[in-house]
Amino acid sequence: MSRGSRAGRGRSLPDAGSGAGRGRSRAVVGRHPGLGRRAVLVTALLLAPAAGARGQGAAPPPEAADGDWEVERADSLEGGAVEVEVGASGREGRATRRTRRVRFQGEGLAGSVREGDGDPLAGTLFDAAAAGGRLGVGTFAPRWGAGLLLGAPAEPWSFAADDRGSGALRGRSGEGLRFERRGALAVEALGGRFRDRALGGARLGAGAGALGVIAGAGAAQSSLALLGHDALVEAALDRGGAWRAEARLRQLAAGGALALRARAGHDGFQSLAEPRRSGPARVLGAAFERGAGAARVLSHAALWRWRPGVDGARAGLEVRWRLAHHDALALGFEEQRGARRYPASALTLDRAGRPRQGLWGAWRGGAAGLRMELVHETWGGRFARRAVRTVSAARVETSPHPGWTLAVTHSAWRVHPGESLHLAESHGARLVLRALSGRGARTRVEAGLPAGGGRVRAALDLTAERLRPRPQWTLEWTRRARGGGERRARDRP
Amino acid sequence: MSAAWMAPALLVALAVPAAAQDFAAPWPPAGGPAALLEHGASGADRGPVLELLATQWLGQPGLETRAAAVGAGWRSARAAVGLSATGDAAIGWTAAGLAAGVAHAAGGAAVRVVGRLDRAPDPGGRRPAGVEAGAGAWLAAAPALHLYAAAPQMWADGASPPLARGFVIGARAAGAETSAWLERESVRAPAAAFATHAAGVAWAPAGMRVALEARDRPLRGAATFALAAGPLEVAVRVESHPLAGETTQLGLRMARP
């Protein structure tokens, strides 16, 4: 069974200040509220910087290689700012890895250069105003419509991908040139390499409609999307006649927000740019969210079919309470069955076909001087009594001095052979999904303090799959400063 | 018998949540120097406290632990030191512990370090030594509800400790005279294949305390009885075991109000 093929969702607590889940008037289509894949990644984001653990169990996208997976947060700099980051990390038996990053945001020009020894996020991105739009050079991860050609969600039950388009994470689907101009006649053109394939594409949008084409090396695909305020329809076609179509709808219902999703098409249709994100040929999904006083109820259900005889389903319910003093409690249940990824073998299919249930709870509380979060999650058959994956985590965070932070996160897990587990961890601007297996425990000690006009962040990780832990360390210094152009503009009378 | 050599016996019999070893005390781990050393549980009491402890494991003569722990606090800071001896000169070891942390009315956290030295040399003539370090924390989730977590062996080096202790999360609800708690210890390789759970209730009218506990895998129970007079408190705890003998713990606590 391939790693990650049945890893579960991440769990999180509502963040009082994050605003997650708010401001969704335009969200149906492009960015559905916090369920499905979005929930996984939002979870990771909420959890990682503030708590962790919570960590518990986000999963890398299907195109990711086995092992740890890293992605960059899509945070932005204010105008006229420059940010420099220098870091190093190491672990027992490996050479020290040094990383460097420079980012700047100027008037009409922005850029980011990241390099380092074996840094999976190394790369360059420049973005400049050009021809009434923005021209970008470097890595990109756009999302077109429902994602049938570009920017599909990573999981069959998800409504949107947070590492595509304007999501919370800066993913990488291709590298090359990209031009985008918005307006009455929206234009987007791109060209570059998508994994091992050279592709070019263009998309024109006018009013509620958008027509896009992607082509390369004797293959071409097109898509037509209609985008309404609360609805989206996209249909895609390739040169061989294989097609897919997806419709999404969002409505207020029963005092809450209801989102629906349906997909149909040929089993053999695959996105040229992101074949591993093509997802199942047929999907039916629904998500419902409703607030009731201090509680928020989130539920979802999805059915999908990869090909005849290979299908899957999941349904879940989570209740989140906001307690006094920004404390929070979340309790959830989910049932899964079938294959979440396209099954690579009969063994995988057999394992995936067994139903399982997941139960989880998370609590966060405390005051500014001492905050604590506890998370427990268990998955298995017979209402999780036959546990195949169990994770517990606690995080304690304190601020002994203004500007200083000290946090300790400890996680313990037990994962059966053939199962997978990824713990979400925040490493400055990057989010790391740490691949773990078997039985073990991991302790992460993080400290942050101001230094040299910037901020130093140090972390020590101890992973013990037996008693003796394997240490890993990280040290980063980040400084953000305003550029001269901004000062001049500010100083003007 | 070295600490590592003794491990199988302890693992079989003492695979319990929040398993304690060198500074095992009959009181629930809700404060006191032994709890600080053993679980990283920092209590609200600041006054100097001395605890003298004795444990006979499984009713086995020779498998005994004797320990002394001293704790004190200043403002919100807490610290404790302790010495412990387990077994005899041929098969035992000596342990020294140090713990420090903070505690106030709404929460606390502490780190602990315990080092062990076998009394008998190994075939090479050296006395095996080992060290472990961990931490614990608790917070008041509500006026009468405390949630806690402890990872007493975040890091270990040298000779293996006698018990592989897992990650514990738990909840304790306390009223004026009664309290109840529930906790879960995650599996810790190579200790056991399953997580374990414990639950208990306590009744503490003036001058005395009675507690009953139940633990699973295997299912068993324990009873604690304590009497207090002025600055002194004496406690005894007896834990049954379906596969082995009874474990008896005695404790004497002297606290300056």
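Here is the naming used below: chain letters follow the sequence lines, and residue numbers restart at 1 for every chain. Side chains included, hydrogens not; waters and symmetry mates left out as well; all remaining heavy atoms used.
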Portion of B:L139 that has a non-hydrogen atom of chain A nearer than 4.5 angstrom
both

With chain A as the partner, which of B:A141, B:A142, B:G107 has the greatest number of non-hydrogen pairs under 4.5 Å?
B:A141

Could you note down all residue pairs passing side chain to side chain donor-acceptor pair (under 3.5 Å) where residues 95-113 of chain B supplies at least one of them, sequence neighbours left out?
B:R112-B:E132

Could you work out, with ring-ring contact (aromatic ring centres under 6.0 Å, His included) as the rule, every residue matching A:W473, not counting sequence neighbours?
none

To the nearest 0.5 Å, tell me how far A:T443 OG1 sits from B:Q153 CD.
11.0 Å

Please flag which part of A:T390 lies under 4.5 Å from any non-hydrogen atom of chain B: side chain, backbone, both or neither.
side chain

Pick one of side chain, backbone, both or neither for A:L370, based on which atoms fall under 4.5 Å of a heavy atom in chain B.
both

For A:A412 and B:F167, which heavy atoms make the closest approach, and how far apart are they?
CB-CB, 3.7 Å

Whatever's closer than 4.5 Å to a heavy atom in chain A on B:A106 counts as neither

Quick one: pull up CG in B:L145 and CH2 in A:W363 and give me the separation to the nearest 0.5 Å.
8.0 Å

Contacting region of A:R442 [heavy-atom separation from chain B under 4.5 Å]:
neither

What verdict does the side-chain contact (heavy atoms from CB on, under 4.5 Å) test give for A:V408 and B:M154, after you've listed the backbone C-alpha separation in whole Å, the side-chain angles of each residue and the deciding distance to 0.1 Å?
CA-CA 11 Å; A:V408 179; B:M154 288 177 171; 3.7 Å; yes

Contact summary for A:L374 and B:Y148, nearest pair of heavy atoms:
CD1-O, 4.2 Å

B:R127, CZ: over 12 other non-hydrogen atoms inside 6.0 angstrom:
yes

Could you tell me which non-hydrogen atom of A:M372 sits nearest to which non-hydrogen atom of B:A137, and how far apart they are?
CE-O, 3.7 Å

